[in-house]
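Here the structure is laid out as structure tokens; the discussion comes afterwards.
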Amino acid sequence: MAGQTDPHISLFSPQEVEFMAEDELVEIVPNMNMEQLNFISGDFGRFIPQIPTKVPLWLAVALKRRGKCTFRPPEWMSVDNLTQILEAERESQSTFQALPFSYVEIARLLFDHARDDIPDMYMVRSLVEDIRDVRLHKLETNLGSFQGTSAVKISNVSAMEVNIVRPFVIRALEAFYKHDKPEADVDRDTRSSRQQREANNEPRRPLRQR
Amino acid sequence: MASNSEAGGSADYETLMSTSDVELLKRAWRNEKAAPEILQYEGALVDRAKEQIELVEETIEDYVENGIDPLVVSLYQMDLDRAQFLLRSYLRVRLLKIEKFMFHNLKSEEAERRLSEQEKVFATRCADDLAKHFEETVLLKLPENYQSVLKQSLISEVDDMVPQPHLDTFVVCRSKNFVSLNLYEEGESPETVEMERGDLYFIRYKIVKRAIESGQIDLI
């Protein structure tokens, strides 16, 4: 599009999204003794064998890679919970289930580094991937249905998913806004009534196949 | 480390408890990256972060000399790297924005207030160099009416050669508390959007600009 603003500044790369997710706290069980760590980002420890403790994800992965701890998978990562979520996602066309904001990054890091700490790892992994697919597909279909407004609410969408659709949605919304504006002076009444119409009444436009 | 309460004073108990400098820096970095224009320089935060980083650098050197467990040293190093990345990226994003909107930043008082002292020096030098470059290579060779760096021609009333930040773009944001915002400017059909705590919205930057400055809303 002509007049496109520089995308480089405002887009986060996946690595940066992961960086932000790495500050999430997870529970680990250390197998060694270590004094408290006084980091810039906070104080963690002490580490006593077999006593679970909460640390940021990046620290947990570092310790795990050196064989100093095991992970306690977060509660939402159980087969039961994920199956429930997957079914709920499949049922509803327009709402998203509540998942941790960084669930994609957390799941990915755990799968890469802590396979043995997750019970039924293969099942969990395939469930998470299915959930991701369903949600992404839902996002794509919903994108075709909103019209020009100044605010679009997206509840329960996770960080990685937001990052993926962000460029498209921003450009789409900008285009809507730009084309709506000149008509404001022409016919204010029709415009305000158009804004109040529900998004669902518009026929869904299929998106381009990727 | 030491937690800092927000300037508002009425922050939640939890935000008070959990807002370390790194958290604040991360928030500033994220907001700066996502916003189309340059935001207020967090001078105090940057200074504090620099101090802490230097302190940890020295501590690490001591540790290495004293032969402390290399595992512990490497963990401190990792934390240091993370903090340094945040700080550097924050400053770099601001520099990028300054370069991009060079003339605009120097022209608009509001934008100028948001720069730090060093950034102002950088911006003025940069703008001078660029203006000089343009003049010598192109502008002086154009007919008289067209020689200004800032205006297309002497007839233009405003400085239309100056790129302005695109404030009508959309951003993703999340609010910390319940917030009700006016959707349209200048009292055109006053629709409001109400954000509950924790809801995500794609919204026009202009609408949330004030709320971001006051710390009520975060950009994602």
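If you're wondering where the values come from, they're calculated on a predicted model, not measured in any experiment. Letters go in sequence order (proteins before strands), and every chain restarts at 1.
Highest contact tally toward chain B, considering only E16(A), M34(A), K68(A), is held by E16(A) [criterion: heavy-atom pairs under 4.5 Å]. The greatest number of non-hydrogen atom pairs below 4.5 Å with chain A, out of V172(B), V56(B), L75(B), is found for L75(B).
Of the candidates K50(B), R48(B), K26(B), R48(B) is the only one forming a salt bridge (charged side-chain N to carboxylate O under 4.0 Å, His left out) with D21(B). Here the options are T53(A), L63(A), V29(A), the test is side chain to side chain contact (heavy atoms under 4.5 Å, CB included), and the partner is C69(A); only L63(A) passes.
R210(B) has a carboxylate O that lies under 4.0 Å from a charged side-chain N of E213(B), or vice versa, which qualifies the two as a salt bridge. Residues E18(A) and R108(A) are not paired through a salt bridge, judged by the lack of any N-O separation under 4.0 Å between the basic side chain and the carboxylate. Looking at R132(A) and E161(A), no side-chain N of the basic residue comes within less than 4.0 Å of a carboxylate O on the acidic one, giving no salt bridge. Looking at R82(B) and E22(A), a side-chain N of the basic residue comes within less than 4.0 Å of a carboxylate O on the acidic one, giving a salt bridge. Salt bridge annotation for R46(A)-E35(A): present, with a cationic side-chain nitrogen under 4.0 angstrom from a carboxylate oxygen. In this structure, R27(B) pairs ionically with D218(B), as a charged nitrogen and a carboxylate oxygen lie closer than 4.0 Å.
Using a 4.5 Å cut-off between heavy atoms, N163(A) does not touch chain B at all. With a threshold of 4.5 angstrom between heavy atoms, R92(B) does not approach chain A through any atom at all. Of the two parts of I53(B), the backbone and the side chain both hold a non-hydrogen atom closer than 4.5 Å to a non-hydrogen atom of chain A. Proximity to chain A is limited to the side chain of S74(B), based on heavy atoms less than 4.5 angstrom apart. If you measure heavy-atom distances from F19(A) to chain B, the contacts under 4.5 Å come from both the backbone and the side chain.
Heavy-atom proximity under 4.5 angstrom to chain A picks out nothing from residues 61-70 of chain B.
Not one N or O on the side chain of R94(B) forms a donor-acceptor pair closer than 3.5 Å with the backbone of Y90(B).
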